[in-house]
Amino acid sequence: AGTPLSQVLAGDAPRDERDRALSAGAEALHSLHDADVAHGRPSLRDMMWDGTRIAFIDFERFGATRELRRAKAMDLLLFAHSCFDVAGGPRPEIDHAFAAYRSRDRDGVWGDAARMLRRYRWLDPLVSRLPKLRDSHDVKAGQLVFRTFLSPDSAAP
């Protein structure tokens with residue numbers, strides 16, 4: 001089905017290729033959500049890029065769910081976390097991917113994700129004070145997710 005987006009983002013592909021691939025990943029995730037489907041764990045390793053399109057593998061939550069809005073928001077947060085984790089921090093291609101998702105987000109999934117995170121914003125300062133956690137790759141990616149979704153300009157699509 002192609003190369004995992006995790007390899008594309010972490011590899012030595014030209015910046016414009018990484019940009020196209022990651023934006024295609026965000027658009028494909030939105031297409032799933034638009035079809036009322038949640039992936040369950042859309043990490044970059046579960047999104048295959050063949051140079052023109054994205055194919056998803058390893059669906060964790062396929063089928064009917066009573067909390068579809070929540071599942072879509074969680075998908076978006078997990079996608080964002082995976083982007084920051086693989087990249088090791090912020091990158092312009094990640095910003096472009098988020099913009100690609102948000103430009104199509106008529107159902108407010110981005111806002112749902114931000115509301116979800118607001119309930120847990122107390123974790124960010126707590127984690128920053130714990131040295132063993134603070135240096136964790138996952139925690140650093142999580143902190144970037146918090147900052148991305150809870151920034152003042154995050155509310156406007």
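Treat the numbers as computed from the prediction; the structure is a model and nothing was measured.
If you take CG on L9 and SG on C83, they are separated by 6.5 Å, rounding to the nearest 0.5 Å. The distance from the CG atom of D34 to the CG atom of D107 is 6.5 Å, given to the nearest 0.5 Å. The distance from atom CG of D58 to atom NE2 of H39, rounded to the nearest 0.5 Å, is 6.0 Å. The line from CG of L5 to CZ of R18 is 12.5 Å long, rounded to the nearest 0.5 Å. Q143 CD to L123 CG: the interatomic distance, rounded to the nearest 0.5 Å, is 10.5 Å.
Looking at S23, its side chain never comes within 3.5 Å of a backbone N or O of R20 through a donor-acceptor pair. Not one N or O on the side chain of S43 forms a donor-acceptor pair closer than 3.5 Å with the backbone of S82. Side-chain N or O atoms of K72 include none that pairs as donor or acceptor with a backbone N or O of V109 at under 3.5 Å. Between the H81 side chain and the D138 main chain, a donor and an acceptor come within less than 3.5 Å of each other. A distance-only check finds no donor-acceptor pair linking the side chain of R91 to the backbone of G88 [under 3.5 Å].
A search for side chain to side chain contact (heavy atoms under 4.5 Å, CB included) contacts involving A113 returns A73, L76, L77, F149, not counting sequence neighbours. In this structure H30 satisfies the ring-ring contact (aromatic ring centres under 6.0 Å, His included) test together with Y101, sequence neighbours excluded. Listed by chain and residue number, F98 satisfy the ring-ring contact (aromatic ring centres under 6.0 Å, His included) test with F84 (two or more places apart in sequence, or in another chain). A search for salt bridge (Lys or Arg N to Asp or Glu O under 4.0 Å) contacts involving R15 returns D19, E93, not counting sequence neighbours. Remark: D46 engages R41 in a salt bridge (Lys or Arg N to Asp or Glu O under 4.0 Å) (not counting sequence neighbours). Take R69 and apply the salt bridge (Lys or Arg N to Asp or Glu O under 4.0 Å) test, not counting sequence neighbours, and it matches D112.
The two residues R53 and D50 come nearest to each other via the heavy atoms N-OD1, 2.8 Å. Contact between R45 and I57 at its shortest, heavy atoms only, is O-CD1, 4.1 Å. What you find for D75 and G40 is that their closest heavy atoms are OD1-N, 2.8 Å. Annotation for P90 and L144: closest pair CD-CD1, 3.8 Å, computed over non-hydrogen atoms. Contact detail for A21 and I54: the closest heavy-atom pair is O-CD1, 4.0 Å.
In summary, the side chains of W49 and Q7 do not present any donor paired with an acceptor at a separation below 3.5 Å, with no hydrogens or angles considered.
Taking hydrophobic clusters as Ile, Leu, Val, Met, Phe, Trp and Tyr residues chained together by side-chain heavy-atom distances below 4.5 Å, F56 does not share a cluster with M48. At a threshold of 4.5 Å between side-chain heavy atoms, the hydrophobic network of Ile, Leu, Val, Met, Phe, Trp and Tyr places L78 and L22 in one connected group.
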Exercise. Under the side chain to side chain contact (heavy atoms under 4.5 Å, CB included) criterion, do T148 and F146 qualify, and how do the steps go?
Worked result: CA-CA 6 Å; T148 298; F146 271 94; over 6 Å; no
